[in-house]
Engineer: 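So that we are looking at the same thing, I have put the structure below in structure tokens.
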Amino acid sequence: MNILLIGSGGREHAFSQKLTQSSLCSNLFVLPGNAGTSQLAKNVAIDNTDFPAIGNFCLEKKIELLIVGPEDLLVKGLRDFFESDPQLKEIAFVGPDAKGAQLEGSKDWSKAFMEKYNIPTAAYRTFNVDTMDAGIDYVKNHSLPVVLKADGLAAGKGVLICESNNDAVNELKLMIQDKKFGEAGSKVVVEAFLNGIELSVFVLTDGTNYKILPSAKDYKRIGEGDTGLNTGGMGAVSPVPFADAVFMQKVEERIIKPSILGLQKEQIHYTGFIFIGLMKVYDDPIVIEYNCRMGDPETEVVLPLIQNDFAELMLATAKGELDKIQLQIDSQSAATVMLVSKGYPGDYEKGKRISGLDLVTDSMLYHAGTRINENGELLSNGGRVMAVTSLGSNLKEALAMCMKNAEKIQFENKYYRKDIGYEFI
Ligand code: AMP
Ligand code: GLY
């Protein structure tokens with residue numbers, strides 16, 4: 001089977017590794033991929049916003065399975081484009097259509113969805129330019145902190161936690177009137193702050209059946225001790241020690257089942273990943289957000305724990321046959337540490353030579369922002385450069401191995417958090 005995977009991060013390198021381990025995979029193409037995926041698959045240089053070009057590529061290469069890594073193409077309707085074409089719709093597709101991708105693409109839509117199906121989430125109201133006065137009134141009198149969220153995709157920057165009502169009023173105006181986040185902020189969700197511990201749960205669904213993948217905890221802040229700016233994620237651990245069977249039972253009954261049923265009732269045939277961002281408040285799971293994809297770097301700890309044939313799992317997802325699959329999960333713990341460029345998450349350095357990969361033993365390296373130049377040298381090419389993943393009989397062991405190997409990889413001004421998973425060891 002020929003497979004096309006879309007994306008270019010550590011997540012896609014981890015997907016590539018799993019897919020190429022499958023005997024079902026004859027050829028893997030990654031669009032656009034990175035230096036890591038180029039060692040396992042064929043990178044494809046097509047503009048990913050050019051849907052007809054992606055379609056033509058699939059027909060030319062006889063692609064039978066298409067997996068979409070990032071959210072934006074799903075929100076923009078790549079799947080709808082494939083479904084509207086008699087030949088392309090035959091390709092098994094992992095990822096929801098534009099309607100399903102609203103779980104991530106519109107916070108207002110996903111909040112209304114949760115309200116409608118009684119899925120626990122923070123109390124909220126949504127405002128736009130026509131309801132500005134009511135919005136100002138609402139945030140002026142809201143308990144603190146108050147959370148403001150741009151409705152649409154804002155590259156992970158659209159969430160503001162305001163410590164004063166005045167700040168909240170100003171930010172609301174900046175978002176709606178001054179278009180601080182562009183059109184993504186033309187509607188703003190204002191919601192109550194949840195006090196608790198964050199974790200993520202990943203669900204794979206074929207629209208009817210679902211499988212719950214290992215839970216994960218992501219470390220979003222740039223600085224040790226969870227300080228400084230938010231990043232895409234500086235490291236992750238899986239499974240999350242406090243997400244025990246009792247807690248996961250609550251997640252399944254209160255959140256996963258009603259979410260899958262709700263999608264069905266909304267006539268959304270959702271096939272793909274649902275990433276549920278949760279807050280554990282006392283002992284209860286409350287939804288912070290949904291994403292319509294896997295997380296990065298969460299994928300770099302979740303996928304290594306999945307022992308199934310991954311191409312078979314993806315195909316079953318696309319074809320509505322997940323009931324035929326028994327998930328096999330490794331009982332070990334996984335940890336990943338992201339090596340990042342100086343300046344990240346602001347403007348960062350690029351083009352630094354990377355060395356030391358051959359010295360790494362007992363860890364997996366997932367390239368994120370890397371490329372190979374004309375001389376065959378490996379260079380940094382993004383803020384997040386490479387994830388170092390290790391498995392161990394417990395988190396402490398896995399983390400120690402990550403730290404040992406993170407040190408061996410060299411590039412100028414490399415930075416990584418040495419305290420990933422600190423609260424569990
Ligand atoms: P989101 O883009 O919705 O994941 O929000 C980004 C981050 O903001 C989350 O990962 C949380 O750390 C934080 N956050 C979002 N909503 C809330 C909330 N209601 N209460 C507390 N923290 C929140
Ligand atoms: N690591 C968070 C995300 O993928 O959204």
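Numbering of ligands and ligand atoms starts at 1, following listing order. We're numbering straight along the sequence, starting at 1. All values reported here derive from a predicted model rather than from experimental measurement.
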Engineer: Among protein heavy atoms, which sits nearest to atom 12 (O) of ligand 1, and what does the distance come to when rounded to 0.1 Å?
Structural biologist: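 For atom 12 (O) of ligand 1, the nearest protein heavy atom comes out as Glu198 OE1, 2.5 Å.
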
Engineer: Which atoms of ligand 1 are found less than 4.0 Å from any heavy atom of Glu191?
Structural biologist: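 Near Glu191, the atoms of ligand 1 are 16 (N), 17 (C), 18 (C), 19 (N).
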
Engineer: Return yes or no for this condition: an N or O of Asp296 is under 3.5 Å from an N or O of ligand 2.
Structural biologist: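 Yes, there is a polar N/O contact under 3.5 Å.
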
Engineer: Val159 heavy atoms, cut-off 4.0 Å: which ligand 1 atoms fall inside?
Structural biologist: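 Under 4.0 Å from Val159, ligand 1 has these atoms: 1 (P), 2 (O), 3 (O), 5 (O), 6 (C), 8 (O), 15 (C).
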
Engineer: Hey, which atoms in ligand 1 end up nearer than 4.0 Å to a heavy atom of Met279?
Structural biologist: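 Counting atoms of ligand 1 from 1, those under 4.0 Å from Met279 are 21 (C), 22 (N).
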
Engineer: Ignoring hydrogens and angles, state whether a donor on the side chain of Ser22 or Asp309 is under 3.5 Å from an acceptor on the partner side chain.
Structural biologist: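 Side-chain D/A pair, Ser22 to Asp309: present.
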
Engineer: Distance-only, no hydrogens or angles: does the Arg417 side chain make a donor-acceptor pair with backbone N or O of Arg221 under 3.5 Å?
Structural biologist: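 Judged by distance alone, yes, a pair lies under 3.5 Å.
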
Engineer: Which protein heavy atom lies closest to atom 1 (P) of ligand 1, and at what distance to 0.1 Å?
Structural biologist: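 Minimum-distance protein heavy atom for atom 1 (P) of ligand 1 reads Glu289 OE1, 3.2 Å.
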
Engineer: What atoms in ligand 1 come closer than 4.0 Å to a heavy atom of Lys107?
Structural biologist: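 Those of ligand 1 that fall under 4.0 Å from Lys107 are 1 (P), 2 (O), 3 (O).
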
Engineer: Please write down residue, atom name and distance for the protein heavy atom closest to atom 23 (C) of ligand 1.
Structural biologist: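 Answer, as residue, atom name and distance: Ile161 CD1, 4.2 Å.
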
Engineer: Just to confirm my output: which protein heavy-atom neighbour is closest to atom 14 (N) of ligand 1, and how far is it?
Structural biologist: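 Ranking protein heavy atoms by distance from atom 14 (N) of ligand 1, first comes Ile288 CG2, 4.1 Å.
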
Engineer: Output yes when the distance from some N or O of ligand 1 to some N or O of Val147 is under 3.5 Å, and no in every other case.
Structural biologist: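 The answer is no, given that Val147 and ligand 1 share no N or O pair closer than 3.5 Å.
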
Engineer: Below 4.0 angstrom, N of the basic side chain to O of the carboxylate: do Lys107 and Glu289 qualify?
Structural biologist: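 Yes.
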
Engineer: Go through ligand 2 atom by atom and flag the ones less than 4.0 Å from a non-hydrogen atom of Glu298.
Structural biologist: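 Those of ligand 2 that fall under 4.0 Å from Glu298 are 1 (N), 2 (C), 4 (O).
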
Engineer: Under the salt bridge (charged side-chain N to carboxylate O under 4.0 Å, His left out) rule, what do Lys149 and Asp108 come out as? Steps first, then yes or no, please.
Structural biologist: CA-CA 9 Å; Lys149 299 184 172 186; Asp108 178 47; over 6 Å; no

Engineer: Are Phe51 and Phe82 an aromatic pair, judged by ring center distance below 6.0 Å?
Structural biologist: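 For Phe82 and Phe51, the ring centres are not under 6.0 Å apart.
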
Engineer: Less than 4.5 Å apart, side chain to side chain, heavy atoms only: is that true for Val203 and Phe275?
Structural biologist: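 The answer is no, as the side chains (C-beta and beyond) never meet within the 4.5 Å cut-off.
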
Engineer: May I ask you to check whether Phe273 and Phe15 place their ring centers less than 6.0 Å from one another?
Structural biologist: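 Yes, the ring of Phe273 comes within the 6.0 Å limit of the ring of Phe15, centre to centre.
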
Engineer: Can you name the nearest heavy-atom pair linking Gly262 to Phe113, along with the distance?
Structural biologist: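 Scanning both residues, the minimum pair turns out to be C-CE1, 3.5 Å.
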
Engineer: Quick check: Tyr344 with Tyr415 (ring centres under 6.0 Å apart)?
Structural biologist: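 Between Tyr344 and Tyr415, which both carry aromatic rings, the centre distance is not below 6.0 Å.
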
Engineer: Return yes when Pro297 approaches ligand 2 closer than 4.0 angstrom through a heavy atom, no otherwise.
Structural biologist: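 Flag set, Pro297 near ligand 2.
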
Engineer: Hey, which atoms in ligand 1 end up nearer than 4.0 Å to a heavy atom of Lys149?
Structural biologist: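 That gives atoms 3 (O), 15 (C), 16 (N) of ligand 1.
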
Engineer: Provide the number and element of each atom of ligand 2 under 4.0 Å from a heavy atom of Gly232.
Structural biologist: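 Going through ligand 2 atom by atom, the ones under 4.0 Å from Gly232 are 1 (N), 2 (C).
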
Engineer: Determine, counting only non-hydrogen atoms of the protein, whether one lies under 4.0 angstrom from atom 7 (C) of ligand 1.
Structural biologist: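 Flag for atom 7 (C) of ligand 1 set to false, no protein heavy atom closer than 4.0 Å.
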
Engineer: With a heavy-atom distance limit of 4.0 Å, tell me whether Leu194 approaches ligand 1 through its side chain, its backbone, both, or neither.
Structural biologist: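 The answer is both, backbone and side chain.
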
Engineer: Using a strict 4.0 Å threshold on nitrogen-to-oxygen distance, state whether Lys217 and Glu298 make a salt bridge.
Structural biologist: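 So Lys217 does not pair with Glu298 through a salt bridge.
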
Engineer: Regarding atom 3 (C) of ligand 2: of the candidates Arg293, Arg384, Glu300, which has the closest heavy atom?
Structural biologist: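 Among Arg293, Arg384, Glu300, the closest heavy atom to atom 3 (C) of ligand 2 comes from Arg293.
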
Engineer: I need the nearest protein heavy-atom contact for atom 2 (C) of ligand 2: residue, atom name and distance, please.
Structural biologist: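 The protein heavy atom lying closest is Asp218 OD2, 3.4 Å.
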
Engineer: Suppose I only count heavy atoms of Gly295 and a 4.0 Å limit; which atoms of ligand 2 are within that range?
Structural biologist: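 Counting atoms of ligand 2 from 1, those under 4.0 Å from Gly295 are 4 (O).
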
Engineer: If you measure only the distance, is there a donor-acceptor pair under 3.5 Å linking the side chains of Ser106 and Asp151?
Structural biologist: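 A donor-acceptor contact under 3.5 Å links the two side chains.
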
Engineer: Could you check whether any heavy atom of Ala192 sits closer than 4.0 Å to an atom of ligand 1, since that is the contact criterion I want to use?
Structural biologist: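 Distance cut 4.0 Å: Ala192 passes for ligand 1.
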
Engineer: Taking the basic N atoms (NZ, or NE/NH1/NH2) and the acidic carboxylate oxygens, is any pair closer than 4.0 Å for Asp284 and Lys250?
Structural biologist: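 Answer for the salt bridge query: yes.
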
